[in-house]
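Since the structure comes first, as structure tokens, the remarks are kept for the end.
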Amino acid sequence: MNIHNSPTSIEELMDRAVGMAGLSLAQLAAEHSLSVPKDLRRDKGWIGQLMELELGASAGSKPQQDFLHLGVELKTIPVDDTGKPLETTYVCVAPLLDTTGLRWHDSLVRHKLQRVLWIPVQGSRDIPLGERRIGMPVLWQPTPAEEQSLRQDWEEIIELIALGKVASISARHGEVLQLRPKAANSRAKTECIREDGTIGLTNPRGFYLKTAFTQQILRAAFAD
DNA sequence: ATCTGATCATAC
DNA sequence: GTATGATCAGAT
């Protein structure tokens, strides 16, 4: 199933995603003539890249949805044997400068999460990478309640950033959305607003979805 | 066992 | 550095 063309409809995208459910990562890698890394320590994005290949997502480092023409963002999510997410989900970089006038409706978080195709993959480190199996896909759109939760957290965090308090924002802020470092390492710096309004430097941050939130998404999808 | 801050590879 | 793809691993 070496498909490199981009799907022309959501239906076609879902057919492809359902088609790879149940396969092991080794099986899928073999179909694309890729070797399976020993582990993910130095290949943290390997599974995501593999899914992009199989589903025909646009490769590269473009700052847009994976399936722009379909309005769909692709996310792989590592889960344990009960289906519980093992990691938070990165959404996008957070603006630490020029936050004035930013509104939820126009935010990158809202745009990226308008429609997400979740691909659960066994993520336990006890399972050799190649033996981990791909689960049934979930096409998700935030319910009004979910969007409200996201919006509330986003507005709170953005407000703190605008007040120059980014340094005091920890991953504990937010019910469903959190702010955490997103960089090569802690020496990476980017400009931010200081409390006195001047410009300072701090570690780049990204928005992440907490595991309880993504667990709820997956549970609701498989509830029927 | 879970969470939070830190980190890894790659393209440009 | 910023953007893509995320998971690692020490602290709690």
Side-chain angles (χ1 to χ4, degrees), chain A residues 6 17 25 28-29 32 34-68 72-98 107-109 111-113 116-130 132 134-135 153 157 160 166-192 199-216:
Chain A
S6 189
L25 294 179
L28 196 58
H32 292 278
L34 294 177
S35 57
V36 181
K38 177 180 185 295
D39 54 48
L40 295 175
R41 275 185 296 181
R42 294 190 175 278
D43 296 272
K44 294 179 181 179
W46 184 77
I47 298 177
Q49 300 291 332
L50 183 58
M51 298 302 146
E52 289 184 346
L53 262 180
E54 176 66 13
L55 297 178
S58 56
S61 54
K62 305 181 206 88
Q64 56 192 216
Q65 287 167 311
D66 296 287
F67 301 95
L68 189 59
V72 174
E73 171 74 9
L74 175 66
K75 289 292 182 190
T76 61
I77 184 165
V79 296
D80 67 15
D81 288 336
T82 72
K84 182 179 180 180
L86 291 168
E87 293 288 348
T88 56
T89 301
Y90 172 69
V91 180
C92 61
V93 66
L96 303 183
L97 212 54
D98 302 324
S107 70
L108 199 49
V109 172
H111 188 68
K112 283 244 178 180
L113 298 182
V116 177
L117 177 58
W118 298 96
I119 309 290
V121 178
Q122 289 184 314
S124 169
R125 295 180 209 179
D126 295 336
I127 307 175
L129 185 54
R132 298 183 195 175
I134 302 162
D153 286 346
I157 292 170
L160 289 171
V166 63
S168 70
I169 306 174
S170 81
R172 297 166 189 77
H173 279 87
E175 294 295 320
V176 301
L177 193 69
Q178 64 183 180
L179 193 74
R180 302 220 310 279
K182 170 60 175 174
N185 53 58
S186 60
R187 277 82 69 192
K189 298 297 177 191
T190 193
E191 293 186 322
C192 68
I199 295 175
L201 292 176
T202 190
N203 189 226
R205 314 299 168 93
F207 285 112
Y208 294 78
L209 298 177
K210 294 188 174 183
T211 55
F213 185 67
T214 49
Q215 176 174 23
Q216 167 193 307

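Keep in mind it's a predicted model, so treat the numbers as computed, not measured. Residue numbers start from 1 in every chain, and the chains themselves are labelled A, B, ... in the order their sequence lines are given, proteins ahead of strands.
Across all strands shown, Asp66(A) has heavy atoms under 4.0 Å from sugar-phosphate atoms exclusively, and none from any base.
Per the geometry, CZ belonging to Phe213(A) stands 16 Å off P belonging to dC3(B), to the nearest Å. Following rounding to the nearest Å, Leu209(A) (CG) and dC3(B) (C1') show an atom-to-atom distance of 16 Å. For the pair Leu129(A) CG and dG5(C) C1', the computed distance is 14 Å after rounding to whole Å. Spacing between atom CD of Glu52(A) and atom P of dA9(B) amounts to 18 Å, rounded to whole angstrom units. Separating the CG atom of Asp126(A) from the P atom of dA1(B) is a distance of 10 Å, rounded to the nearest angstrom.
Place Arg42(A) and Thr211(A) on DNA chain B by their nearest nucleotides, and Thr211(A) ends up nearer the 5' end. Comparing Arg172(A) and Lys112(A), the nucleotide of DNA chain C nearest to each residue sits closer to the 5' end for Lys112(A).
If you check dT2(B), dT2(C), dG5(B) against the side chain of Lys84(A), the one that comes closest is dT2(B). Proximity note for Ser170(A) (side chain, C-beta onward) versus dG5(B), dA3(C), dT2(C): the nearest is dG5(B).
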Between the protein and nucleotides 6-10 of chain C, which nitrogen or oxygen pairs are less than 3.5 angstrom apart?
| residue | atom | partner | partner atom | Å |
| --- | --- | --- | --- | --- |
| dA6(C) | OP1 | Thr76(A) | N | 3.1 |
| dA6(C) | OP1 | Thr76(A) | OG1 | 2.9 |
| dA6(C) | N6 | Tyr208(A) | OH | 2.7 |
| dT7(C) | O2 | Lys44(A) | NZ | 3.1 |
| dT7(C) | O4 | Arg180(A) | NH2 | 3.4 |
| dC8(C) | OP2 | Arg125(A) | NE | 2.9 |
| dC8(C) | OP2 | Arg125(A) | NH2 | 3.0 |
| dC8(C) | O4' | Lys44(A) | NZ | 3.4 |
| dC8(C) | N4 | Glu87(A) | OE1 | 3.1 |
| dA9(C) | N7 | Arg125(A) | NH2 | 3.4 |

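Rounded to 10 degrees, the angle separating the terminal axes of the helix from dA1(B)-dT12(C) to dC12(B)-dG1(C) is 30°, with each axis obtained from five end pairs.
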